[in-house]
Each structure stands twice: as structure tokens, then as C-alpha cells.
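Before any comments, here is the structure.
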Amino acid sequence: MALQKLIWAELAVTDIDQALEFNVDVLGLREIAREGRNIHLSCDPEDPHAQLVLTDGGTGVRSFALGVDSETELEDFESRLAAIDVKTERRSDAAPHQPTSLAFQLPTGHEVVLLPRPDRPLYRHPGSDAASQRRGVGPADIDHITIAFAEDAEARAVAHVLSQGLGFRISDIFVNADDEWQAAWTRAGEAHHDIGLIRCQPGASLHHLAWTVDNMEHHKRAADTLAAAGHPLETGPGRHGVGGNLYSYLWTPGGNRYELSAEMPRILGDRPDPLVRKAGEFNAFSAWGAPRPESFTRGS
Ligand SMILES: [Fe+2]
């Protein structure tokens, strides 16, 4: 029983036409389906499934999905979640051409969907045709999602469900002087984080949705592409103190923050204990000394 990774997210956007224009013309995704007020977009010409669903009205994340290898694994997760009193629901409408999925809510109210994706490519080859067909910013894949929480207890409760219900590991926890969680980074597999948590203003659901880019050269080209299209970065490029991945962040039309992420470290072996770091003793934001922007505590 194992999860693949984050495979799609559904984001609410304030203006779906503007958001669509940005995600297609600038980010380089392509539209693959429309269902009512939802538009399904993909960054991979060889993958028939969407990595992003835009839905009209509001901001933030409505739902996100983790891939599983087969439908039979849903039963295992169903009983594992039931054992910690998390209610689950079988769904048949979570994604186009998707017969069955398993949905549940995190203690923060975020909807998580477990989606069988046996046909997902085993890995994405950097030299494939898909890589050469990228345009715009041209991310290789959806990378991770960092959800918003308002209270310490919420973040601890989410971590409990992820670890006990789904088998996630906690890689890092960032606490304030009172040992209250300010941020945490959790992983489904070997990547340092698949689901992050950052403390934001009450009412926010999303801190950022991250897309995979290749390296620092790709960050530079992406920043040039974004700037030429009139979309400045909020901060970056840089390297995070926690996790160590390369980052660039921007607020996108539609009202949500995206990250471009490269060089996500792997954590190998069976290491259950997270690293706990204290604010003021460690620059979690930047390994290179950049200050965290004031705007960074705001989510959507
Ligand atoms: Fe991130």
C-alpha cells in the first residue's frame, strides 16, 4: 500500500478567463476538458489526465489528489482512515474517465482524493518528446501543495491524519518560541515534501501550489518568461533553508500563489523522526540569507 504523489489540484479562481489565459499562454499548460464551470489542464502532452482543475469563483484550493497504484488499495486506505475516525466517501466524479476514487476531509476542511492511476508514467524521462514540447514556463509536473492553517492544533491534527491514515512521514517542523507549529513539511514517498503546511490568516486554504522545473537555468528562463508577460515574482529564485529545494514564487491571475520548485531532496530509508527547528535560530525560508517577504504569511 503506497501513494504515488500529488497528481492534481483543483483551485478556485476569481476570474476564470484571466486564470485560463495565464495558465495556458504563460505557464504553458493545455486545456484537455471542460465540465460545467471546471476547466481541466495538463502540463504533459503524453499524459491524458489533468494536473490542474480551475473552477470559477473565489480563491484557494478546493481539493487535491494523491495517486494510488490500483483500486484495491482504496480499501486499505478506507480501513486505515476509519481506524482513526476519518469518514471517507467513494466517488465516481472526481476526474473525467475515472471510475472510482476515495475522498475525505482533513481537520482543516481540505478535501483529499485518493485516485487510482495505474497508467501514470512510471517516471518522466527528461529527454522524452514531452520534455521537448514544453512551452511557456513549461513545468515538467505538478510538484507539491502547501496548504494553509490558522491554529497550531489544526496543523498537528492534519499531520496525525496524514501519518496515521495515509502513512506519510513528517520531514520538518518549524515552531515559534512557544513551540507552536508555524509550518511543517510532510512526504508520501522519498521527496522531502508532497504536502506542506504554513500558518496563514484565518480563512485561507492555500499557501501555494508548486510546479516542478528542472534546475536553476529553468528558473531563470521561467522568470524571464513571466516578466515578459507582466507577471513579476513575489520572491526568488533562491534555495530554501528547510528542505533545500530551489524556489521562485509568484501570485497568479485568479488569486493564488504558485511556486516553481527544483532539486527537491530525497529522504531514503526508514527515518520516522522529523527535524524540529525554532524560529529565530534558523532561516527556514532561505539557505542563502534572503529574508522571508512580509507577504509570505498570506494565503488564498
Ligand atoms: Fe513549496
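In each ligand, atom 1 is the first atom listed, and ligand 1 is the first ligand listed.
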For the Fe ion (ligand 1), state how many protein N, O or S atoms fall inside a distance shorter than 2.8 Å. 3

Between Y247 and H144, is the ring pair (Phe, Tyr, Trp, His ring centres under 6.0 Å) condition met? List the steps. CA-CA 12 Å; Y247 65 80; H144 63 271; over 10 Å; no

Here the side-chain hydrogen bond (donor to acceptor under 3.5 Å, both in side chains) pairs for residues 56-69, sequence neighbours left out, are Q4-D69, S63-E111

side-chain hydrogen bond (donor to acceptor under 3.5 Å, both in side chains) between H219 and S248: does it pass, once the steps are laid out? CA-CA 7 Å; H219 271 275; S248 300; 2.7 Å; yes

Look at atom CD of E151 and say whether more than 12 heavy atoms of other residues, nucleotides or ligands are closer to it than 6.0 Å. no

Are R199 and F174 in a cation-pi contact, defined as NZ or CZ under 6.0 Å from the six-membered ring centre and within 45° of the axis? no

Out of the candidates T186, V112, L166, only one should pair with I195 under the side-chain contact (heavy atoms from CB on, under 4.5 Å) rule; please name it. T186

